[in-house]
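See below for the structure under consideration.
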Protein chains: 2
Amino acid sequence: MPTGAGPTAIDALDARLVDLLTAEPRIGVLELSRRLRVARGTVQARLDKLQARGVIKGFGPEIEPAALGYRVMAFVTLEIRQRYGHHAVADHLRDIPEVLEAHTISGAGDLLCRIVARSNADLQRVLDHVVGYDGIVRASTFIALAERIPLRTLPLVQAAVGVPLPPTEPPADAAG
Amino acid sequence: MPTGAGPTAIDALDARLVDLLTAEPRIGVLELSRRLRVARGTVQARLDKLQARGVIKGFGPEIEPAALGYRVMAFVTLEIRQRYGHHAVADHLRDIPEVLEAHTISGAGDLLCRIVARSNADLQRVLDHVVGYDGIVRASTFIALAERIPLRTLPLVQAAVGVPLPPTEPPADAAG
DNA sequence: TTCGGGGCTGGTCAGATTGTGCAGCGGTAC
DNA sequence: GTACCGCTGCACAATCTGACCAGCCCCGAA
């Protein structure tokens, strides 16, 4: 990188790389370099760095719960008994396969999680399972009726081009 | 598949395949077949079908917003003016790169979306942008303080092994 | 019981890709 | 001016891929 002033998150080439890779995930490094009009080594190096920096977490297969029969999705806010702590509750949630993710949040409710179920009836079963833990006081469920914007990050990637990284808590390396 | 009774979502081999692929995304079909102890053609066929059925949506690179400098994540519920309709609001949200996803939901609030920002101060900017649309009456923000369970689907995949697909709305094929 | 279909195996083939190493070039920092 | 870093273009051997094949086994149907 140029200087220690402040490494930018990503540059235009990185963005194009991610962009292309998102559009056609199965395309290889060689093809990538051809389309991007850069040397193959460059693509490989960029990719390695992107992964090393954690910008690209991985290339795991994206599973569609609906295709597995889990056609109902819902968001649930959980109010927990402070005594128990978020950690214990999270452990409980982790044991439920239908809980896809969970976050501690500010404001009303203490935990927000995303769950799926096979049907509305099945949702009840899942919810029973979720709240069937002493540390949880109350649960509010919001059923997802329609997916207006599917999970995406591409626009963000493009917006981040050239923008310097905030020096909040990068690994001890940008020091001297 | 056995009969027309009800195709199961996935079987054990499919699950192992997804499992292994998630653990090591860069591994090829050949290596996959070696580890799974099945013929290469089998792996290729399974993979093709999994993708054809939509179980595997793709292999796109997973981007970590935090690594791009977007260290703050929040969930926002939006109450919208019915006149405008969810569609129009969704269009508005789609134009904001920091909006990672959005769903129409039941219950209080009409839309739930996930947004990211560079900092708390930046979050304000993003929120201003989000609510800066006539169709939105009110927004309630929940900042994600900690990620207790990162987005996952593997447990779900394993739970779905052998379970028959509900005949809700599959393509006209299970008829006879 | 026999037939038909589907899935899996194990093998082959040519073609393409990958990982790796190299030297040269140009821009920037010191 | 010198050193460092990133990109280019090229080469090589090794590997993997997509495609195809015949054979075997199991299950459901007739």
Side-chain angles (χ1 to χ4, degrees), chain A residues 1-21 23-53 55-56 58-61 161-162 164-165 167 170-171 173-176, chain B residues 1-21 23-53 55-56 58-61 160-165 167 170-171 173-176:
Chain A
M1 56 207 78
T3 88
T8 65
I10 59 172
D11 68 8
L13 182 55
D14 286 327
R16 285 203 296 147
L17 190 52
V18 170
D19 208 338
L20 194 47
L21 213 38
E24 302 184 48
R26 299 309 271 180
I27 152 183
V29 176
L30 186 54
E31 182 62 19
L32 233 24
S33 72
R34 281 197 279 253
R35 308 238 192 135
L36 257 24
R37 305 305 186 84
V38 296
R40 184 168 63 110
T42 302
V43 171
Q44 286 174 315
R46 293 297 188 119
L47 234 30
D48 287 347
K49 280 184 195 163
L50 246 18
Q51 292 194 68
R53 274 188 292 162
V55 174
I56 294 181
F59 292 86
V161 172
L165 270 179
D173 152 29
Chain B
M1 56 207 76
T3 87
T8 64
I10 60 171
D11 68 8
L13 183 55
D14 286 327
R16 286 203 295 147
L17 190 51
V18 170
D19 208 338
L20 195 47
L21 214 38
E24 301 184 49
R26 298 310 271 180
I27 160 180
V29 176
L30 187 54
E31 182 63 19
L32 232 24
S33 70
R34 282 198 277 254
R35 308 240 192 133
L36 257 24
R37 305 305 187 81
V38 295
R40 183 169 63 110
T42 302
V43 171
Q44 285 174 317
R46 293 295 188 121
L47 233 31
D48 287 347
K49 279 184 196 164
L50 247 17
Q51 291 194 70
R53 275 188 292 163
V55 174
I56 295 181
F59 291 85
V161 172
V163 180
L165 271 180
D173 152 28

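Scope of the values below: all heavy atoms of this structure, side chains included, with no hydrogens, waters or symmetry mates. Numbered from 1 within each chain, the chains take letters A, B, ... in sequence-line order.
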Distance in angstrom units between [X] [atom1] and [N] [atom2], rounded:
X     : N      : atom1 : atom2 : result
B:F59 : D:dT17 : CZ    : P     : 12 Å
A:D14 : D:dG6  : CG    : C1'   : 12 Å
B:E31 : C:dT17 : CD    : P     : 21 Å
B:D11 : D:dC26 : CG    : P     : 17 Å
B:I27 : C:dT17 : CD1   : P     : 21 Å
A:L13 : D:dT8  : CG    : C1'   : 13 Å
A:L47 : C:dT20 : CG    : P     : 14 Å
B:L17 : C:dC8  : CG    : C1'   : 14 Å

Checklist entry - Looking across every strand, which nucleic acid part, if any, lies under 4.0 Å from A:Q44 by heavy atom: base, sugar-phosphate, or nothing? => result base
Next on the checklist: Heavy atoms only, 4.0 Å cut-off, all strands: where does B:R26 land among base, sugar-phosphate and nothing?
Outcome noted: nothing
For [X] and [Y], work out which heavy atoms get closest and say how close.
X     : Y     : result
A:L36 : A:R16 : O-NH2, 3.4 Å
B:L21 : B:L47 : CD2-CD1, 3.9 Å
B:V18 : A:P61 : O-CG, 4.2 Å

According to a strict under-4.0 Å criterion, is [X] in side-chain N/O contact with OP1 or OP2 of [N]?
X     : N      : value
A:R34 : C:dA16 : no
B:R46 : C:dC8  : yes
B:T42 : C:dT9  : yes

Checklist entry - For B:R53 and B:D14, what are the C-alpha separation, side-chain angles and deciding distance, and is it a side-chain contact (heavy atoms from CB on, under 4.5 Å)? => result CA-CA 12 Å; B:R53 275 188 292 163; B:D14 286 327; 3.8 Å; yes
Checklist entry - side-chain contact (heavy atoms from CB on, under 4.5 Å) between A:R46 and A:V38: does it pass, once the steps are laid out? => result CA-CA 11 Å; A:R46 293 297 188 119; A:V38 296; over 6 Å; no
Checklist entry - Under 3.5 Å, is there an N or O donor on one side and an acceptor on the other linking the side chain of A:R40 and the base of C:dT17? => result no
